[in-house]
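A short write-up of the structure that comes next.
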Amino acid sequence: MDDAKPFRPEARNPRGFGDRRARDLAAERSILASVSEVYERYGFEALDTPAFEYADALGKFLPDSDRPNEGVFALTDDDDQWMALRYDLTAPLARFAAQNWETLPKPFRRYAYGPVWRNEKPGPGRFREFIQCDADTVGSARPEADAEIIAMAVEGLEAAGLPRGQAVVKINNRKLLNGLLSTAGVGSEGQKLAVLRAVDKLDRLGPDGVRLLLGEGRLDDSGDYTKGAGLGAKGIEAVIAFTAAGRGGRSETLDAIAAAIGGSAEGDEGLAELQAIGVALGGLGVGEDRAVFDPSVVRGLEYYTGPVFEAEALIEDETGKRISFGSVGGGGRYDDLVARFTGERTPATGFSFGVSRLAATLRAANRTPGGEARGPVVVIAFSQDHMAEYFAVASELRAAGIPAEVYLGQSGMKAQMKYADRRRSPFAIMLGEDELAAGEVSIKDLDEGLAASKSLASNELWKETRPGQYAVKRAELVAALKQRLGSRA
RNA sequence: GCCGCCCUAGCUCAGUUGGUUAGAGCGCCAGAUUGUGGCUCUGGAGGUCACCCGUUCGAUCCGGGUGGGCGGUACCA
């Protein structure tokens with residue numbers, strides 16, 4: 001006799017993890033299908049890798065501690081090996097490429113999609129589990145490989161529902177800022193990193209805030225002090241001038257960048273790469289309104305070694321306010337990632353769509369990629385005596401490719417109609433005593449009924465009129481429904 | 001991680017200067033309408049006032065702690 005209160009766990013999601021219902025899944029699948037189709041059209045082969053990797057294969061690992069770096073979800077398996085959920089699709093690709101390099105066709109072109117996990121603080125458009133759709137070329141150092149990746153990003157955006165003018169891919173090159181900093185006498189990697197972080201905040205803090213972060217440091221609104229990069233006044237202005245070098249056209253921007261970075265071997269290399277990317281983009285038919293050079297783009301991931309890309313949505317909500325949960329995709333060149341495993345420098349470049357964020361952005365703009373999720377045709381269950389007949393109807397519909405179900409709850413007809421309504425069913429099928437006697441079946445078109453109800457004030461009239469309801473011969477049910485479904489489209 | 005604000009019904013929020021029975025709108029369920037989703041009307045269910053500890057005769061309210069949410073900031077391989 002245990003009279004202790006039974007433990008009742010609270011039914012809730014882990015923080016940053018969300019349930020996705022039919023309409024969310026339809027949107028996601030639609031984006032995945034259209035982007036995958038673009039990737040395949042460009043000749044990229046599909047690959048899936050496991051959710052888990054050994055933690056050391058994912059990169060950051062603290063050898064002096066038995067815990068992998070925060071930011072990933074990690075655990076040890078039975079053999080005390082540290083495993084971590086993948087935080088993107090690029091690191092697993094690097095592992096796969098290194099492992100199978102001998103037998104792969106080179107350059108290796110592959111795309112992949114699936115969930116990735118990050119143990120970070122969630123926010124709007126920022127999840128701890130989200131879907132990426134990624135394409136990479138491993139084994140080509142040519143800027144044309146980068147250009148092709150960018151072209152796919154542009155086409156993918158369009159296929160996913162962001163046509164010309166509603167999204168833009170911004171392109172930069174890490175080598176430019178590196179060259180500039182070398183010329184300015186900034187040697188240490190730590191200082192360079194601090195500069196990158198500062199520039200990354202340009203959109204949020206503005207040039208003056210970034211100036212503080214490039215110099216001594218900045219005190220923010222919450223009273224927190226952030227130590228700066230420690231650049232001198234000349235260095236600060238050189239960096240700011242560089243980030244402001246974006247112009248309308250790609251070649252004008254290149255000229256402005258060239259003037260801003262001064263001369264350095266690394267900077268010139270980066271400039272030449274961008275130039276070649278620009279030429280290739282022209283050949284690929286990617287207009288200057290869809291892919292631009294933008295020196296203010298940074299990207300957080302440290303593994304990028306050259307060109308970096310970022311996709312941004314340019315759409316507004318009803319009030320004309322720009323919708324932004326951050327970038328909807330990003331990528332770049334990472335020439336050292338495979339070398340972590342093989343010791344051999346292997347050039348690689350790629351781009352990932354943040355499918356979940358893209359879906360969230362489109363939803364915020366009241367757009368539903370993949371269309372509305374509709375429920376099945378619902379066969380009303382009038383009486384226990386005729387259940388077999390109801391199931392026969394459902395089977396006929398299913399055989400004809402029409403999603404259908406018999407109501408299996410305990411409630412009366414009114415509740416069954418309500419159920420069909422809530423399922424967003426297109427039709428309810430009624431086979432009561434009257435219909436059975438007449439050899440007929442009643443079809444209620446729920447959309448039509450709803451539309452008609454707007455002009456009916458009283459419930460009596462609504463019931464009498466039975467808007468959207470038709471009787472057909474029992475044998476003609478499937479044909480009649482097919483016709484109605486077809487004319488709807 | 002750090003700083004600030006917040007936590008009352010499924011949701012959005014009132015309210016109690018510390019006192020018996022905590023409210024609204026929306027949503028949900030049911031009836032009016034025994035074979036009809038909408039509209040209308042009527043009724044109903046639903047709350048350990050986030051949790052724990054303290055102060056008090058008495059705490060949803062005051063104090064402390066914990067957890068969660070939001071925002072800022074840091075980090076983001």
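Below, chains carry the letters A, B, ... as their sequence lines are ordered, and counting in each starts from 1.
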Inset, instruction - Kindly state whether the pair A/Tyr87 / B/rA77 counts as stacked, where counting means centroids closer than 5.5 Å and planes tilted less than 30° apart. - result: yes
Legend entry - Base of B/rU36 paired with side chain of A/Gln416 (donor-acceptor, under 3.5 Å): no
Legend entry - Nearest-angstrom distance, C1' atom, B/rA59 to B/rC49: 11 Å
Legend entry - For atom CZ of A/Phe130 and atom P of B/rC76, their distance in whole Å: 15 Å
Legend entry - Charged tip of A/Lys444 within 45° of A/Trp462 ring normal and under 6.0 Å: yes
Inset, instruction - Establish whether the base of B/rC76 is bridged to the side chain of A/Arg299 by a donor-acceptor pair shorter than 3.5 Å. - result: no
Legend entry - Secondary-structure notation, RNA chain B, from Watson-Crick and G-U pairs under 3.5 angstrom (| other strand): (((((((..((((.....[...)))).(((((.......))))).....(((((..]....))))))))))))....
Inset, instruction - Answer yes when A/Asp421 and A/Lys418 have at least one side-chain N-carboxylate O distance shorter than 4.0 Å, and no when they do not. - result: no
Legend entry - Contact check, side chains of A/Phe44 and A/Ile149, non-hydrogen atoms, under 4.5 Å: yes
Legend entry - Among B/rG38, B/rU36, B/rA74, the one nearest A/Ser453 by side-chain distance: B/rG38
Inset, instruction - For the residue pair A/Ile429 and A/Tyr390, establish whether any side-chain heavy-atom pair is separated by less than 4.5 Å. - result: no
Inset, instruction - Among B/rU73, B/rU36, B/rG69, find the nucleotide with the atom closest to the side chain of A/Arg15. - result: B/rG69
Inset, instruction - May I have the distance from A/Tyr419 (atom OH) to B/rU36 (atom C1'), rounded to whole angstrom? - result: 17 Å
Legend entry - Contacts of A/Arg299 that satisfy salt bridge (Lys or Arg N to Asp or Glu O under 4.0 Å) - sequence neighbours left out: A/Glu310
Legend entry - With A/Tyr111 via ring-ring contact (aromatic ring centres under 6.0 Å, His included) - residues at least two apart: A/Tyr39
Inset, instruction - Using a cut-off of strictly less than 4.0 Å, decide whether A/Arg204 has a side-chain nitrogen or oxygen near OP1 or OP2 of B/rA74. - result: yes
Inset, instruction - Respond yes when some side-chain nitrogen or oxygen of A/Arg197 is under 4.0 Å from OP1 or OP2 of B/rC76, and no when none is. - result: yes
Legend entry - Donor on one side chain, acceptor on other, A/Thr349 and A/Asp146, under 3.5 Å: yes
Inset, instruction - Could you tell me whether the side chain of A/Glu435 has a donor or acceptor atom within less than 3.5 Å of a complementary atom in the base of B/rG35? - result: yes
Legend entry - Side chain of A/Arg466 (C-beta onward), nearest among B/rG35, B/rA77, B/rC76: B/rG35
Inset, instruction - Would you tell me if any nitrogen or oxygen in the side chain of A/Trp462 comes within less than 4.0 Å of OP1 or OP2 on B/rU36? - result: no
Inset, instruction - Taking A/Gln191 for its side chain and A/Ala229 for its backbone only, find out whether a donor-acceptor pair lies under 3.5 Å. - result: yes
Inset, instruction - Report yes or no: is there a donor-acceptor pair, N or O only, under 3.5 Å between the side chain of A/Lys444 and the base of B/rG35? - result: no
Inset, instruction - Rounded to the nearest angstrom, tell me the gap between atom NZ in A/Lys121 and atom P in B/rC75. - result: 13 Å
Inset, instruction - Return the residues of residues 376-388 of chain A meeting this criterion: a heavy atom under 4.0 Å from some atom of RNA chain B. Order them by number, or give none. - result: A/Phe382
Legend entry - Residues forming a side chain to side chain donor-acceptor pair (under 3.5 Å) with A/Ser296, sequence neighbours excluded: A/Asp294
Legend entry - Enclosure of A/Gln81 CD (heavy-atom neighbours >12, cutoff 6.0 Å): yes
Pull out every protein N or O sitting under 3.5 Å from an N or O of nucleotides 26-31 of chain B, one pair per line with the distance.
| from | atom 1 | to | atom 2 | distance (Å) |
| --- | --- | --- | --- | --- |
| B/rC28 | OP1 | A/Arg422 | NH2 | 3.1 |

Inset, instruction - Name the nucleic acid region contacted by A/Glu433, choosing base, sugar-phosphate or nothing; use a 4.0 angstrom heavy-atom cut-off, strictly under. - result: base
Inset, instruction - Please tell me which of A/Glu120 and A/Gly16 maps to the more 5' nucleotide of RNA chain B, matching each residue to the nucleotide holding its nearest heavy atom. - result: A/Gly16
